[in-house]
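Lettering follows sequence order; numbering is per chain, from 1.
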Amino acid sequence: MSVDADLLLDWFAETARDLPWRRPETTAWGVLVSEIMLQQTPVARVEPVWLAWLQRWPRPSAMAAASQGEVLRAWGKLGYPRRALRLHEAAKAIADEHGDVVPSDVDTLLALPGIGAYTARAVAAFAYGRRCPVVDTNVRRVVARAVHGAGDAGPPSTTRDLADVAALLPDDEATAARYSAALMELGALVCTARTPRCVDCPIIDGCAWQRAGRPAYAGPAKPVQKFAGTDRQVRGLLLDVLRGTAEPVAKARLDVVWADAGQRDRCLHSLLVDGLVEQIEDGRFALPGEH
DNA sequence: AAAACGTGGTC
DNA sequence: TGACCAAGTTT
């Protein structure tokens, strides 16, 4: 009741962004690639990479045939490059075991690398029109406010979050899928984390948070991720050297990116373990699968 | 269940 | 300036 489907869907119909992966001609593969790229990564940074990616690798089997290094280069600076490796593995599995067709079943999708509770349902809903709850950070925030009257979502609980949204979903399959997209869009454009634009909200009249006088978030403090000085930063610097060169590089070329030798070597080692970097016979380093 | 995992824009 | 934030998944 607090999230009126008609109001939300009408708002979505006239306000939704024209994102390339939402166009009718987009394949399920295109939807899957977009969902992986969008994990923890803003739309604006994903868009150009997604367009190039789909042009180069229009089907899972096409990407499966590329090397890991090519995939990592195409991934560019989207961040969390292990996503690219997992997408590569998923593409191979789809090509080899699913006839080059992205699965439409949530459990089958969940079995693929890099696909978790959110992405599996997003693909089922947005690529195949299935009626299943799609819960990302936007949806969690909208539900926390509109339904529960809280300032923000508390710690995630997949079971509870899915049940919350399942209870809101319209009965009709195709409508349910659009409803999920609309919920996400509302969280992204109006019901934002920082300064929600409640004056533009289509469901303000049913919003429990509004009714309660917009109380501040009262849950446990959210841990803030540090970046400067962490292994994540150092790994990123190391990988950036390799991305920028066609030829393998000597270790000295990697040593210059970070002063602390202990941390540097630990990070290089972890990149090797993760399969993001490869050491060739002569001792030099390169992106995997290219030499 | 908490922590690791990239990168860059914004207020 | 620096903390917060961005369509999460894995271990």
Enquirer: Kindly give the heavy-atom pair with the smallest separation between A:C198 and A:R214, and that separation in Å.
Expert: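 Reported closest heavy-atom pair: SG-NH1, 3.5 Å.
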Enquirer: For B:dA3, does either OP1 or OP2 sit under 4.0 Å from a side-chain N or O belonging to A:K226?
Expert: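 Answer is no, no contact under 4.0 Å.
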Enquirer: Would you sketch DNA chain B in dot-bracket for me? Only Watson-Crick or G-U wobble pairs with both distances under 3.5 Å count, crossing pairs as [ ], other-strand pairs as |, the rest as dots.
Expert: .||||.||||.
Enquirer: Is A:D231 touching bases, backbone alone, or none of the nucleic acid, heavy atoms closer than 4.0 Å?
Expert: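 The residue A:D231 makes sugar-phosphate contact but no base contact.
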Enquirer: What nucleotide, of C:dG8, C:dA7, C:dT10, holds the atom closest to the side chain of A:A188?
Expert: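 The answer is C:dA7.
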Enquirer: Where each residue is assigned the nucleotide of DNA chain B containing its nearest heavy atom, which of A:T195 and A:G76 is assigned the position nearer the 5′ end?
Expert: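 The residue mapped nearer the 5' terminus is A:G76.
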Enquirer: Mind checking the P distance from B:dC5 to C:dA7? Whole angstroms is fine.
Expert: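 These two P atoms come out 23 Å apart once rounded.
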Enquirer: Answer yes or no: does a side-chain N or O of A:Q40 lie under 4.0 Å from OP1 or OP2 of C:dG8?
Expert: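 It does, given that an N or O in the side chain of A:Q40 lies less than 4.0 Å from OP1 or OP2 of C:dG8.
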Enquirer: If I take atom OH in residue A:Y80 and atom P in nucleotide B:dC5, what distance separates them, rounded to the nearest angstrom?
Expert: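 From A:Y80 OH to B:dC5 P: 9 Å.
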Enquirer: Rounding to a whole Å, what distance do you find between A:L272:CG and B:dC5:P?
Expert: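 Distance check: A:L272 CG to B:dC5 P gives 14 Å.
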Enquirer: Using a 4.0 Å heavy-atom cut-off, does A:P81 contact any base of the nucleic acid, only the sugar-phosphate backbone, or nothing at all?
Expert: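 Sugar-phosphate: the residue A:P81, judged by heavy atoms under 4.0 Å, touches backbone atoms but no base.
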Enquirer: Do A:I94 and A:W57 belong to the same hydrophobic cluster, where Ile, Leu, Val, Met, Phe, Trp and Tyr are linked whenever their side-chain heavy atoms lie under 4.5 Å apart, directly or via other members?
Expert: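 A:I94 clusters together with A:W57.
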Enquirer: Base, sugar-phosphate alone, or nothing: which one does A:P113 contact when heavy atoms must sit under 4.0 Å apart?
Expert: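 Answer is sugar-phosphate: A:P113 comes under 4.0 Å of backbone atoms only.
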Enquirer: Whole Å only: how far is the CD atom of A:Q233 from the C1' atom of C:dG2?
Expert: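 Answer to the nearest Å: 14 Å.
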Enquirer: Does the side chain of A:E35 come under 3.5 Å of the side chain of A:Y118 through a donor N or O and an acceptor N or O?
Expert: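 Short answer, yes.
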Enquirer: Looking at A:L32, A:V106, A:L87, A:T108, which one forms a side chain to side chain contact (heavy atoms under 4.5 Å, CB included) with A:I115?
Expert: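 Answer to the side chain to side chain contact (heavy atoms under 4.5 Å, CB included) test with A:I115 among A:L32, A:V106, A:L87, A:T108: A:L32.
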Enquirer: Closest approach of A:D136 and A:M184, non-hydrogen atoms and distance?
Expert: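 In this case the closest contact between A:D136 and A:M184 is OD2-CE, 3.5 Å.
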Enquirer: Which heavy atom in A:C132 sits nearest to a heavy atom in A:S180, and how many Å separate them?
Expert: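 For A:C132 versus A:S180, the nearest heavy atoms are O-OG, 4.0 Å.
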Enquirer: Which nucleotide, B:dG6, C:dC4, B:dT7, lies nearest any side-chain atom of A:R243?
Expert: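 Nearest nucleotide to the side chain: B:dT7.
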Enquirer: May I have the distance from A:L72 (atom CG) to B:dT7 (atom C1'), rounded to whole angstrom?
Expert: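 After rounding, the gap between these two atoms is 15 Å.
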Enquirer: Judged by modelled atom types alone, do A:E185 and A:T15 share a side-chain donor-acceptor pair under 3.5 Å?
Expert: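 On atom types as modelled, these side chains do not qualify, holding no pair under 3.5 Å.
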Enquirer: Strictly below 4.0 Å: does A:K77 bring a side-chain N or O up to OP1 or OP2 of B:dG8?
Expert: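 Yes, because at least one side-chain N or O of A:K77 sits under 4.0 Å from OP1 or OP2 of B:dG8.
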Enquirer: Has the side chain of A:T192 got a donor or acceptor atom that lies under 3.5 Å from a matching backbone atom of A:G187?
Expert: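 No, because the side chain of A:T192 does not come within donor-acceptor range (under 3.5 Å) of the backbone of A:G187.
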Enquirer: With a non-hydrogen cut-off below 4.0 angstrom, is A:R194 in contact with a base, only sugar-phosphate, or nothing?
Expert: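 Base, at least one base atom sits under 4.0 Å.
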Enquirer: Would you mind reading off the distance between A:D152 atom CG and C:dC5 atom C1', rounded to a whole angstrom?
Expert: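 Rounded to the whole Å, the gap is 11 Å.
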Enquirer: Applying a 4.0 Å non-hydrogen cut-off, can you work out what A:Q225 is touching in the nucleic acid: base, sugar-phosphate, or nothing?
Expert: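 A:Q225: base contact, heavy atoms under 4.0 Å.
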Enquirer: Counting only heavy atoms and a strict 4.0 angstrom limit, can you tell me which residues of residues 115-149 of chain A come near DNA chain C?
Expert: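 Per residue number, the list reads A:I115, A:G116, A:A117, A:Y118, A:T119, A:D136, A:T137, A:N138, A:R141.
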Enquirer: Identify which nucleotide among B:dT7, C:dC4, B:dG6 has an atom closest to any side-chain atom of A:R83, counting heavy atoms from C-beta outward.
Expert: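 Per side-chain heavy atoms of A:R83, the pick is B:dG6.
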Enquirer: Would the base of B:dT7 count as contacting A:R232 through its side chain, where contact means a donor and an acceptor less than 3.5 Å apart?
Expert: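 It does not, because no donor-acceptor pair links the side chain of A:R232 to the base of B:dT7 below 3.5 Å.
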Enquirer: May I have the distance from A:Q39 (atom CD) to B:dG8 (atom C1'), rounded to whole angstrom?
Expert: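 Value for this atom pair: 18 Å.
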Enquirer: What is the distance, to the nearest angstrom, from the CG atom on A:L78 to the P atom on B:dG8?
Expert: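 From A:L78 CG to B:dG8 P: 10 Å.
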Enquirer: Going hydrophobic residue to hydrophobic residue with side-chain gaps under 4.5 angstrom, can you get from A:L169 over to A:L7?
Expert: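 Shared cluster, yes.
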Enquirer: For the pair made of CD in A:E89 and P in C:dT9, what is the distance, rounded to whole Å?
Expert: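 After rounding, the reported distance stands at 18 Å.
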Enquirer: When you compare the side chains of A:Q225 and A:R232, does any donor N or O come within less than 3.5 Å of an acceptor on the partner?
Expert: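 The criterion, which ignores hydrogens and geometry beyond distance, is satisfied for A:R232 and A:Q225.
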Enquirer: Please work out which residues in residues 6-38 of chain A have a non-hydrogen atom less than 4.0 Å from an atom of DNA chain C and list them by number.
Expert: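 Within residues 6-38 of chain A, the residues near DNA chain C are A:R17, A:L19, A:W21, A:R22, A:E35, A:L38.
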Enquirer: For A:A182 and A:W11, which heavy atoms make the closest approach, and how far apart are they?
Expert: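 A:A182 and A:W11 have their closest heavy atoms at O-CZ3, 3.8 Å.
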Enquirer: Just call it for A:R45: base, sugar-phosphate, or nothing, with non-hydrogen atoms closer than 4.0 Å on any strand.
Expert: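 It contacts base atoms.
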Enquirer: Could you walk me through whether A:R140 and A:D164 pass the salt bridge (charged side-chain N to carboxylate O under 4.0 Å, His left out) check?
Expert: CA-CA 9 Å; A:R140 278 167 35 71; A:D164 275 357; over 6 Å; no
Enquirer: Could you verify whether a donor N or O on one side chain and an acceptor N or O on the other, from A:T245 and A:R253, lie under 3.5 Å apart?
Expert: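 No pair is found: no donor N or O on one side chain lies under 3.5 Å from an acceptor on the other.
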